[in-house]
Protein chains: 2
Amino acid sequence: MSMKSKSTSELKASIHRVEEICKSNKLGLTEIRKQVFEIIVKNNKPIKAYEILDKIRNINNKPSHPPTVYRAIDFLIENGFVHKLNSINSFVGCFHPKAHKECYFLICKKCNIYQECCDDSLKDRISKTAIHNNFVISNTTLEIEGHCLDCSQK
Amino acid sequence: MSMKSKSTSELKASIHRVEEICKSNKLGLTEIRKQVFEIIVKNNKPIKAYEILDKIRNINNKPSHPPTVYRAIDFLIENGFVHKLNSINSFVGCFHPKAHKECYFLICKKCNIYQECCDDSLKDRISKTAIHNNFVISNTTLEIEGHCLDCSQK
DNA sequence: ATTGCAATGTTATAACATAACATATATTAT
DNA sequence: ATAATATATGTTATGTTATAACATTGCAAT
Ligand SMILES: [Zn+2]
Ligand SMILES: [Zn+2]
Ligand SMILES: [Zn+2]
Ligand SMILES: [Zn+2]
């Protein structure tokens with residue numbers, strides 16, 4: 001599979017899904033949280049907090065500050081709508097929220113597009129490794145950087 | 001296996017191994033680079049760049065600046081002697097440098113001790129996932145946070 | 001000696017993230 | 001409806017992590 005960006009309909013579905021989840025779970029999807037989520041998912045590449053901040057400022061045409069964005073990100077991460085890629089200090093939308101707690105990523109260094117790669121077999125393997133070490137997992141970061149098909153062919 | 005810290009002899013061996021590798025590969029293991037490596041490996045927990053900087057200042061009893069430490073870290077990472085844990089912006093020594101390009105980690109949130117967990121089966125599984133996605137890996141971050149045996153029993 | 005190169009020193013600043021407290025808005029209880 | 005409470009946002013300041021840019025040093029090759 002090449003790492004193409006998401007279609008408009010996929011984006012809409014993703015946004016709608018989050019709205020529904022928030023509604024049914026009584027989570028306050030406030031205007032800012034929604035704006036931040038939309039900015040993140042519409043960007044088909046990982047986006048940085050201060051880039052989000054710039055966009056928020058433009059949208060609302062008024063000053064906004066880092067805590068506003070970081071708080072919204074925290075909410076979105078806590079509820080599984082967004083992930084942080086620690087290796088590049090950037091944020092990405094989750095395209096199957098609530099399907100599982102964590103997602104694993106392929107990140108193309110050239111075109112910056114990312115893709116979730118949450119195999120069950122990979123998850124199992126990580127789980128077995130933890131068990132083998134008597135370790136209780138609370139969260140896992142798996143970020144695979146390299147080149148996607150398109151970029152490695154160029 | 002519980003996540004006990006390294007013994008003095010293990011530390012010495014680790015330092016000696018790096019010296020040998022540098023000698024045989026004509027890598028300039030300068031005084032600062034050596035100091036930084038020793039600080040990192042002797043700390044049995046992941047250590048932050050500015051903590052290293054403090055220690056360097058104390059050791060040499062003169063002002064030092066962030067670039068000094070970051071350059072040494074870069075050298076050590078490039079040569080596989082040290083790893084960065086992106087999820088906690090910290091650095092750890094590698095206890096089997098050159099054995100493989102990358103290491104995977106278990107990080108205890110409670111006691112902060114870490115452990116490498118570089119199963120071949122895990123590596124294979126990650127590799128297969130990449131192949132399945134037509135993705136060419138250049139580097140992988142796998143950081144499993146949670147609780148070690150000792151800490152989960154307390 | 002002069003040049004070239006690798007490493008380090010130094011100053012400044014960029015990039016990423018949070019503390020602390022004030023204000024506003026929404027929910028709930030009375 | 002009003003007050004009390006909790007939740008969310010605004011605002012200022014600062015903390016933390018990392019690098020750019022340029023000067024200086026030490027050493028080796030010609
Ligand atoms: Zn996801
Ligand atoms: Zn690509
Ligand atoms: Zn290692
Ligand atoms: Zn522990």
Side-chain angles (χ1 to χ4, degrees), chain A residues 18-19 22-23 25-37 39-40 43 45-79 81-92 112 141 143, chain B residues 18-19 22-23 25-37 39-40 43 45-79 81-92 112 141 143:
Chain A
V18 165
E19 287 170 342
C22 287
K23 197 175 287 176
N25 291 73
K26 303 212 187 295
L27 299 171
L29 185 63
T30 60
E31 191 55 30
I32 283 192
R33 289 169 175 175
K34 198 169 158 183
Q35 284 175 358
V36 170
F37 180 69
I39 288 167
I40 292 172
N43 207 63
K45 301 170 183 180
I47 188 170
K48 289 175 176 285
Y50 278 70
E51 292 174 342
I52 297 170
L53 182 55
D54 282 344
K55 288 178 190 274
I56 286 289
R57 283 170 172 156
N58 286 333
I59 290 170
N60 300 318
N61 200 27
K62 66 168 187 180
S64 294
H65 308 281
T68 300
V69 166
Y70 281 104
R71 284 168 184 152
I73 290 171
D74 286 347
F75 169 85
L76 296 168
I77 289 177
E78 264 163 30
N79 293 295
F81 304 144
V82 157
H83 301 291
K84 176 173 184 183
L85 303 185
N86 287 309
S87 59
I88 53 174
N89 294 325
S90 299
F91 303 90
V92 297
N112 275 311
T141 297
E143 295 164 21
Chain B
V18 164
E19 286 171 341
C22 287
K23 197 175 287 176
N25 291 73
K26 303 210 187 297
L27 299 171
L29 185 62
T30 61
E31 191 54 32
I32 283 191
R33 288 168 177 176
K34 198 170 158 184
Q35 283 176 359
V36 170
F37 180 70
I39 288 167
I40 292 172
N43 206 64
K45 301 170 183 181
I47 188 170
K48 290 177 174 282
Y50 279 72
E51 292 174 342
I52 297 170
L53 182 55
D54 282 344
K55 288 178 190 274
I56 286 289
R57 282 170 173 156
N58 285 333
I59 289 171
N60 300 317
N61 201 28
K62 65 168 189 181
S64 295
H65 308 281
T68 299
V69 166
Y70 281 105
R71 283 167 184 151
I73 290 170
D74 286 347
F75 168 86
L76 297 168
I77 289 176
E78 264 163 29
N79 293 294
F81 304 142
V82 157
H83 301 291
K84 176 173 183 183
L85 303 185
N86 287 310
S87 59
I88 54 174
N89 294 324
S90 299
F91 304 91
V92 297
N112 274 310
T141 297
E143 296 163 22

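Keep in mind that the numbers below use all heavy atoms, side chains included, and drop hydrogens, waters and symmetry copies. We name chains A, B, ... by the order of the sequence lines, and we start the count at 1 in each one.
When the P atom of D:dA18 is taken as reference, atom CG of B:Leu85 falls 12 Å away, rounded to whole Å. Separating the CG atom of A:Leu27 from the C1' atom of C:dA26 is a distance of 15 Å, rounded to the nearest angstrom. Rounded to whole Å, the distance from CG on A:Asn86 to C1' on D:dA18 is 16 Å. Going from atom CD1 of A:Ile73 over to atom C1' of D:dT9 covers 15 Å, rounded to whole Å. For the pair B:Gln35 CD and C:dT8 P, the interatomic distance rounds to 10 Å; values are reported in whole Å. Per the geometry, CG belonging to B:Leu53 stands 17 Å off P belonging to D:dG15, to the nearest Å. For the pair A:Asp74 CG and D:dA8 P, the interatomic distance rounds to 12 Å; values are reported in whole Å. Distance A:Ile77 CD1 to C:dC16 C1': 13 Å, rounded to the nearest Å.
Listed by residue number, the members of residues 55-68 of chain A with any heavy atom below 4.0 angstrom from DNA chain D are A:Lys62, A:His65, A:Pro67, A:Thr68.
The phosphate of D:dT17 has OP1 or OP2 within less than 4.0 Å of a side-chain N or O from B:Lys48. For B:Asn89 and D:dA18, the shortest distance from a side-chain N or O to OP1 or OP2 is below 4.0 Å.
Closest heavy-atom contact between B:Tyr70 and B:Tyr50: OH-CE1, 3.7 Å. Contact record, A:Ala72 with A:Val36: CB-CG2, 3.7 Å, taken as the closest heavy-atom pair. Between B:Phe75 and B:Gly28, the shortest heavy-atom contact is CZ-O, 3.8 Å. When all heavy atoms are compared, the tightest approach of B:Pro46 to B:Asn112 is CD-O, 2.9 Å. Residues B:Ile56 and B:Ser64 come closest through the heavy atom pair CG2-OG, 3.6 Å. Between B:Ile40 and B:Val92 the shortest heavy-atom distance is CG2-C, 3.5 Å.
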message: Apply side-chain contact (heavy atoms from CB on, under 4.5 Å) to residues B:Lys23 and B:Glu19 and explain how you reach the verdict.
response: CA-CA 6 Å; B:Lys23 197 175 287 176; B:Glu19 286 171 341; over 6 Å; no
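B:Arg71 comes within contact range of at least one nucleobase, with a heavy-atom separation under 4.0 Å. Residue A:Lys26 is classed as having no contact, given no heavy-atom separation below 4.0 Å to the nucleic acid.
Below the 3.5 angstrom threshold, one finds no donor paired with an acceptor across the side chain of A:Tyr50 and the base of C:dA14. One cannot find a donor-acceptor pair under 3.5 Å joining the base of C:dA19 and the side-chain atoms of A:Tyr70.
If you check the side chains of A:Asn60 and A:Glu31, you find no donor sitting under 3.5 Å from an acceptor.
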With a cut-off of 3.5 Å and sequence neighbours excluded, list every side-chain donor-acceptor pair involving residues 83-91 of chain A.
{"residue": "A:Asn86", "atom": "ND2", "partner": "A:Thr141", "partner atom": "OG1", "Å": "3.4"}
{"residue": "A:Ser87", "atom": "OG", "partner": "A:Glu143", "partner atom": "OE1", "Å": "2.4"}
{"residue": "A:Ser90", "atom": "OG", "partner": "A:Ile88", "partner atom": "O", "Å": "2.7"}

statement: Counting primed atoms, P, OP1 and OP2 as sugar-phosphate and everything else as base, the B/S/- map of nucleotides 24-30 of chain D against protein heavy atoms under 4.0 Å is -------
